[in-house]
Amino acid sequence: MVVGEFKPGLEGVPATLSSISFVDGQKGLLEYRGISIEELALKSSFVETSYLLIWGVLPTKEELEAFEHEIRYHRRIKYRIRDMMKCFPERGHPMDALQASAAALGLFYSRRALANPAYIREAVVRLLAKIPTMVAAFQQMRRGNDPVRPRDDLNYSANFLYMLNEREPDPLLANIFDICLTLHAEHTINASTFSAMVTASTLTDPYGVIASAVGTLAGPLHGGANEEVIEMLERIGSVENVRPFVEKCVENKDKIMGFGHRVYKVKDPRATILQGLAEKLFENFGHDDYYDIAVKLEEVVEEKLGHKGIYANVDFYSGLVYRKMGIPIDLFTPVFAIARVSGWLAHWKEQLEANRIYRPTQIYTGTHGESYIPIEQRS
Ligand SMILES: CC(=O)SCCNC(=O)CCNC(=O)[C@H](O)C(C)(C)COP(=O)(O)OP(=O)(O)OC[C@H]1O[C@@H](n2cnc3c(N)ncnc32)[C@H](O)[C@@H]1OP(=O)(O)O
Ligand SMILES: O=C([O-])CC(=O)C(=O)O
């Protein structure tokens, strides 16, 4: 329903000016700071890409080394945060644990020196460094273990996988994981980034900004879809069941997880890269039968819903990659958050550079001049 100028979901409404990333949803094109996602996935690393997104340029060798060094140095989390996390219920969802832990960082570092570049840098480094540690710590603690201390000799991705499993990862796995982080780092004004920007526009601290974005990413229509995809493949169970499953969804107008996108009307370029990464993992570490179901599902969804511009999105193949890496299903969305922190921070910084508080309007659809009815007279 369109009322006046109201666009449900703000579809097509520009919310900001931004030079961070660009999407052409008809051509299936994604660029970070003008560089194609394909080139970054092939040639960059997640930390370098984060620098590019946040500071707008590729770092020199010295700048990159300094940034990596700072992040390594800040990986540890305070004992009091660990103790707080130990009290979280082990059955709670890791995204809730992450949101609470990210917000808790503000208890220690909340000084809002937003005009001070050193404060901005420190907050960027702390958040990039500590979010993976908190995700891994919750995973260890809910299994009854102590969190694994970060290892300074390992790079960003290898260290995360190490903290998760207490085992140094195979270099190919660490490399593929790093590419996944790069692919998920940024995507214009998606729901969680918009949430970050709205929160940032009040000039609150960056920990509150990231906590707000984590809460938004968690939903199944956004980042939470990667977890739902694997559960759906499990429910489908076999390649033969795919066609009836899709036909039933189409008939009932049910959403098929991992498909559709507000901007892309063709296959998401990141889904293509992730599919290639999944195949590389299967070649090296053994096949996953869920992949056959996924490929068939993509074929049938394209046949039935392609005319509506519904194709595989970034969440469709990522779960298959993470599953092969042995990452638990309910950590797929926290892993997405680890990556998207860099995009959220880039938008936080950009927002502060030309800030005006977000305060849109509404079209009121209620009544006026009603009388207060005493409770005993209400039916
Ligand atoms: C990182 C990310 O956030 S990527 C997106 C992850 N989310 C998912 O995979 C969940 C499934 N997908 C969806 O729910 C949607 O496609 C969204 C939320 C991504 C985009 O939503 P919108 O742009 O608001 O599209 P909307 O929900 O209005 O759908 C438009 C039409 O396509 C249909 N449609 C959209 N997505 C799907 C889907 N996954 N399966 C079946 N039909 C779909 C809708 O039923 C609707 O059909 P209609 O016009 O006949 O009523
Ligand atoms: O852009 C969007 O609407 C969803 C998103 O975050 C992504 O695709 O990475």
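Atoms within a ligand are numbered from 1 in the order they appear, just like the ligands themselves. On a predicted model such as this, the values are computed, not experimentally measured, just so you know. The analysis underlying the following values was restricted to heavy atoms, covering all of them including side chains, and did not include hydrogens, waters or symmetry mates.
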Is [X] in contact with ligand 1, taking contact as a heavy-atom separation below 4.0 Å?
{"X": "Asn226", "result": "no"}
{"X": "Asn190", "result": "no"}
{"X": "Gly258", "result": "yes"}
{"X": "Phe316", "result": "no"}

Atoms of ligand 1 close to [X] [distance to a heavy atom under 4.0 angstrom, numbered from 1]:
{"X": "Leu305", "answer": "41 (C)"}
{"X": "Lys253", "answer": "50 (O), 51 (O)"}
{"X": "Asp315", "answer": "1 (C), 2 (C), 4 (S), 6 (C)"}
{"X": "Ala225", "answer": "6 (C), 7 (N), 8 (C), 9 (O)"}
{"X": "Gly260", "answer": "16 (O), 19 (C)"}
{"X": "Phe336", "answer": "1 (C)"}

For Phe285, is the CZ atom crowded, meaning more than 12 foreign heavy atoms sit under 6.0 Å from it?
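Result for CZ/Phe285: enclosed.
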If you count every heavy atom of other residues, nucleotides or ligands that lies below 6.0 Å from Tyr364 atom OH, does the total exceed 12?
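Above 12, so yes.
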Can you sort out which atoms of ligand 2 are near Arg340, meaning under 4.0 Å from one of its heavy atoms?
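Answer for ligand 2: 5 (C), 6 (O), 7 (C), 9 (O).
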Should you measure from each heavy atom of His187, which atoms of ligand 2 turn up under 4.0 Å away?
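So the answer, numbered in order with elements, is 1 (O), 2 (C), 5 (C), 7 (C), 8 (O), 9 (O).
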Determine whether a donor-acceptor pair (N or O, by modelled atom type, separation under 3.5 Å) exists between the side chain of [X] and the backbone of [Y].
{"X": "Lys324", "Y": "Gly286", "value": "yes"}
{"X": "Arg72", "Y": "Asp152", "value": "yes"}
{"X": "Thr49", "Y": "Phe46", "value": "no"}

So, [X] versus [Y]: side-chain donor-acceptor pair below 3.5 Å or not?
{"X": "His287", "Y": "Glu279", "answer": "no"}
{"X": "Thr199", "Y": "Ser212", "answer": "yes"}
{"X": "Glu186", "Y": "His347", "answer": "yes"}
{"X": "His187", "Y": "Ser21", "answer": "no"}
{"X": "Ser45", "Y": "Glu48", "answer": "no"}

Which of parallel (below 30°), tilted (30 to 60°) and perpendicular (above 60°) describes Phe194 and Tyr358?
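Because their plane-to-plane angle is over 60°, the rings of Phe194 and Tyr358 count as perpendicular.
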Tell me whether the rings of His184 and Tyr322 are parallel (<30°), tilted (30 to 60°) or perpendicular (>60°).
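Ring orientation of His184 relative to Tyr322: tilted.
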Does some side-chain heavy atom of Arg75 sit less than 4.5 Å from a side-chain heavy atom of Met163?
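Contact flag for Met163/Arg75 side chains = no.
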Does NZ or CZ of Arg33 lie under 6.0 Å from the centre of the six-membered ring of Trp55, at an angle within 45° of the ring axis?
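That pair does not qualify as a cation-pi contact.
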Name the closest protein heavy atom to [atom], giving the residue it belongs to and the distance to 0.1 Å.
{"atom": "atom 12 (N) of ligand 1", "result": "Phe259 O, 2.8 Å"}
{"atom": "atom 7 (N) of ligand 1", "result": "Leu221 O, 2.9 Å"}
{"atom": "atom 47 (O) of ligand 1", "result": "Lys308 NZ, 3.1 Å"}
{"atom": "atom 32 (O) of ligand 1", "result": "Ile310 CD1, 3.2 Å"}
{"atom": "atom 40 (N) of ligand 1", "result": "Ile256 N, 2.8 Å"}
{"atom": "atom 25 (O) of ligand 1", "result": "Arg262 NE, 4.9 Å"}
{"atom": "atom 5 (C) of ligand 1", "result": "Asn313 ND2, 3.5 Å"}
{"atom": "atom 15 (C) of ligand 1", "result": "Lys255 NZ, 3.9 Å"}

Does some non-hydrogen atom of the protein lie less than 4.0 angstrom from [atom]?
{"atom": "atom 37 (C) of ligand 1", "value": "yes"}
{"atom": "atom 17 (C) of ligand 1", "value": "no"}
{"atom": "atom 42 (N) of ligand 1", "value": "yes"}

Per-residue contact class, His187 against ligand 1 - non-hydrogen pairs under 4.0 Å
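Contact part for His187 vs ligand 1: neither.
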Heavy-atom contacts under 4.0 Å between Val314 and ligand 1: side chain, backbone, both, or neither?
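It is the side chain that gets close, since no backbone atom is under 4.0 Å.
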I'd like to know if Glu251 pairs up with Lys248 as an ion pair, taking the criterion as any Lys NZ or Arg NE/NH1/NH2 lying under 4.0 Å from an Asp or Glu carboxylate oxygen.
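Between Lys248 and Glu251 there is no salt bridge, as every charged N stays at least 4.0 Å from the carboxylate O atoms.
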N/O separation below 3.5 Å, His261 to ligand 2
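Yes; at least one N/O pair falls below 3.5 Å.
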